[in-house]
Number of protein chains: 2
Amino acid sequence: MKKRPARLSDVARAAGVSLATASRALAGSDLVLPDTRERVRNSAALLGYVPHGAARALASRRSRTIGAVLPTIDNPIFASATQALSRALANASYTLLLASHEYDPQAEVAVTRALIERGVDGLVFVGVDHAPQLFHELSRADVPCEPVWALDPGGFHHCVGFANREASARCAQHLLDLGHRRFAVLSGSLQHNDRARERVAGVRAALASRGIELPAERVVETPFSLGGGRGGLRALWQRLGRDGFTGLVCGNDLIALGALIECAAQGVSVPGALSVVGFDDIELSAEFSPALTTIHVPSADIGRFAAERLLSRLAGKRVPRMQEIPVELVVRGSTARAPRRL
Amino acid sequence: MKKRPARLSDVARAAGVSLATASRALAGSDLVLPDTRERVRNSAALLGYVPHGAARALASRRSRTIGAVLPTIDNPIFASATQALSRALANASYTLLLASHEYDPQAEVAVTRALIERGVDGLVFVGVDHAPQLFHELSRADVPCEPVWALDPGGFHHCVGFANREASARCAQHLLDLGHRRFAVLSGSLQHNDRARERVAGVRAALASRGIELPAERVVETPFSLGGGRGGLRALWQRLGRDGFTGLVCGNDLIALGALIECAAQGVSVPGALSVVGFDDIELSAEFSPALTTIHVPSADIGRFAAERLLSRLAGKRVPRMQEIPVELVVRGSTARAPRRL
DNA sequence: TTGTACGCGTTATCAT
DNA sequence: ATGATAACGCGTACAA
């Protein structure tokens, strides 16, 4: 009862054609008579033929597979981008191979290598800052890759993202414009994270242009999570005092929301005693705090564009080397009340 | 300058052994002299040899690849499970192929087929309720699969998850114990989602045991998001009035949090006028609302177990057909009794 | 327009 | 312990 899965040769025989013709027919080649094509397709359907990807990949030297190497999937920041990526790929009959390295550059090299062994036709990375060894492997494997979420200052790699530094500077500038002069930053871990570093650098640059310094003690690194935001804010308060700063720039949504929650828990009014700005990767901010000013990052676009660019390149089309995604400072009203404790 | 990538035959020649020996050496077989093995490994490293996955898969009939078919990656509910899955697989030199269908059963069949074509050695699904066609394809392809996040009432499939219905009944029971008698439910979309349906059924069962009915008008379907929670609660209030219900059961975290946010925005005290319980898939609740009672779902465990089970089965070991993950009702303080009037 | 035949890079089965 | 060689299933020049 357990039949051997049908192979292309079975389909060919059933349709009364040769292997080559069967192959062409199923590939939709124009070289076969429409009539023949139908016949082949019918027998394929009848036999429940499922192409054998490995054999196809071996012969065609293409796997119809794209790899994505993320720091982690568990961070909602990357979820919508990954979803969009996967969707766009599926539309083009490509499939996504996913790997994560949890901010460990060694692990990143390892998982990337695993993807290369799987024969991915292209790769998506997060950020442009990677172990040199990674680039060696990439170039030797000759796999087109597309870093996202950041731009390559050197203009060396293809990439699609936005200028984290400038965006973050706009956040700080917004606070400056509101009259704030004492600042603090809640950042994600800066190690092995060029996006986070750029964002801090942006704040520093904006403040510097007004002669304000941002010493290291005013920057707290904390996990990318609500708990991280809460704990980070407590750490800042402990270090600098409750009125050590009135303007707070957060590295991303989850941290910003955590900070807001901590404010609510401590009875600190926002905006008021404290004004918070941050990056809105995941669009939670709008719902949670209509008062929160954010840089809105269209994560889904990033994923979609990455897919489109990669597929275009595989198809031999040329794409602009660098694609800058416009990001927008969303000021959600300054009079909104602080979030309540729930 | 662009060298052809090194093949196994190159390694073999460089090491002065045959193809077969080289293969065995790199596979770590005990049948080769330790000395020979070293020699082979050295030349492999020297040449920068990278195994060709497709060829290996073709010859060995194994891709060292596992597929996961999710409703969507964009929902944080699935993120930590997927992360855990990916991590566990990577540890065993497996890679994750990811696909999503956005709650469309047709799409689910299509993407699953795509994964099967890619030659996945195993598959993970969400829930046990799928198009019959899906099971046809699966059995014909003879791919072991592991539904997660639910248990199979028929005991037909392997699976790892928990009893959504009973868990949800515990939520409702908790509210009953607090004296609540008027209920409403904010569910995710019920269509093509057995988990959501089971959760509603659980509430209904618990209430029925106290002679309380839950007519359809008291159940609102809303997107799995904060916005969905907010909008859904508004819809319920509009339909049933502000004091049409004092106990609210939410289908998951995001919805529950959205509801809480809406309460805050409308000045409704929680717990007080309203008591909310829900599923805590993503552990936001603890940070956000120390008062929220939830069923805590250890998503990461689900992913890890799915990986372990699948890999065990591939290794020929037997695993218990069904694995029930314990879930826990977490009462986070200030339990609200039902309001004392009428 | 269709068929023949070779190659893709590995693993696995025999011998030795 | 190692080597020769036949699969593995498909794509694609090249021939017809």
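Throughout, protein chains are lettered first and strands after them, A, B, ... in sequence-line order, and every chain is numbered starting at 1. We use all heavy atoms of the structure for the numbers below, so side chains are in, but hydrogens, waters and symmetry mates are not. As the structure is a computational prediction, the values presented were derived from the model and not from experiment.
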Novice: Rounding to a whole Å, what distance do you find between Arg13(B):CZ and dT2(D):P?
Specialist: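 Those two atoms, CZ and P, are 19 Å apart.
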Novice: Grab the CG-P distance between Leu58(B) and dA7(D) for me, whole Å please.
Specialist: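 Rounded to whole Å, this separation is 13 Å.
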Novice: Determine whether the aromatic ring centres of His157(B) and Phe125(B) lie less than 6.0 Å apart.
Specialist: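 That pair fails the under 6.0 Å test.
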Novice: Where do Ala79(B) and Ile73(A) come nearest, in terms of heavy atoms and distance?
Specialist: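 Heavy-atom minimum between the residues: CB-O, 3.4 Å.
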Novice: Show your working on side chain to side chain donor-acceptor pair (under 3.5 Å) between Thr72(A) and Gln83(B) and close with a plain yes or no.
Specialist: CA-CA 7 Å; Thr72(A) 171; Gln83(B) 172 67 30; 3.2 Å; yes
Novice: Is the count of non-hydrogen atoms from other residues, nucleotides or ligands lying under 6.0 Å from Phe135(A) atom CZ greater than 12?
Specialist: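 Counting other residues, nucleotides and ligands, CZ of Phe135(A) exceeds 12 neighbours.
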Novice: Using whole Å, what does the distance between atom C1' of nucleotide dG11(D) and atom CZ of Arg7(A) come to?
Specialist: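 Checked: the CZ to C1' distance equals 16 Å.
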Novice: Picking from dA13(D), dG3(D), dT10(C), which would you name as closest to the side chain of Ser18(B)?
Specialist: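 Nearest listed nucleotide: dG3(D).
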Novice: Hey, could you give me the CZ/CZ distance between Arg118(A) and Arg56(B), rounded to the nearest 0.5 Å?
Specialist: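 It comes to 8.0 Å.
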Novice: Rounded to whole Å, please give me the gap between CZ in Arg61(B) and C1' in dA7(D).
Specialist: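 Taking atom C1' of dA7(D) as the reference, CZ of Arg61(B) is at 9 Å.
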Novice: Between Glu117(B) and Arg64(A), is the closest basic N to carboxylate O distance under 4.0 Å?
Specialist: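 Looking at Arg64(A) and Glu117(B), the cut-off is not met.
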Novice: Counting only N and O atoms by type, is there a donor-acceptor contact under 3.5 Å from the side chain of Ser43(B) to the main-chain atoms of Arg39(B)?
Specialist: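 Side chain of Ser43(B) to backbone of Arg39(B): a pair is present.
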Novice: Rounded to the nearest Å, what distance is computed from the CG atom of residue Leu8(A) to the P atom of nucleotide dC8(D)?
Specialist: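 Between P of dC8(D) and CG of Leu8(A): 15 Å.
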Novice: Check the pair Glu137(B), Thr112(B) against side chain to side chain donor-acceptor pair (under 3.5 Å), reporting the backbone distance first and the verdict last.
Specialist: CA-CA 9 Å; Glu137(B) 303 242 8; Thr112(B) 302; over 6 Å; no
Novice: Check this for me: does any side-chain nitrogen of one of Arg4(A) and Asp10(A) sit under 4.0 Å from a carboxylate oxygen of the other?
Specialist: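 Salt bridge present between Arg4(A) and Asp10(A).
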Novice: In degrees rounded to 10°, what angle is found between the helical axes fit to the five outermost pairs at each end of the helix from dT1(C)-dA16(D) to dT16(C)-dA1(D)?
Specialist: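 So the angle between the two local helix axes works out to 30°.
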Novice: Calculate the interatomic distance between Arg4(A) atom CZ and dA7(D) atom P; express it in whole Å.
Specialist: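 Going from Arg4(A) (CZ) to dA7(D) (P), I get 14 Å.
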Novice: What is the distance, to the nearest angstrom, from the CG atom on Leu19(A) to the P atom on dA13(D)?
Specialist: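 Atom-to-atom, Leu19(A) to dA13(D), this comes out as 16 Å.
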Novice: Heavy atoms within less than 4.0 Å of DNA chain D: which residues of residues 21-57 of chain B have one? Give them sorted by number.
Specialist: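 Going residue by residue through residues 21-57 of chain B, the ones with a heavy atom under 4.0 Å of DNA chain D turn out to be Thr21(B), Arg24(B), Leu31(B), Val32(B), Leu33(B), Thr36(B).
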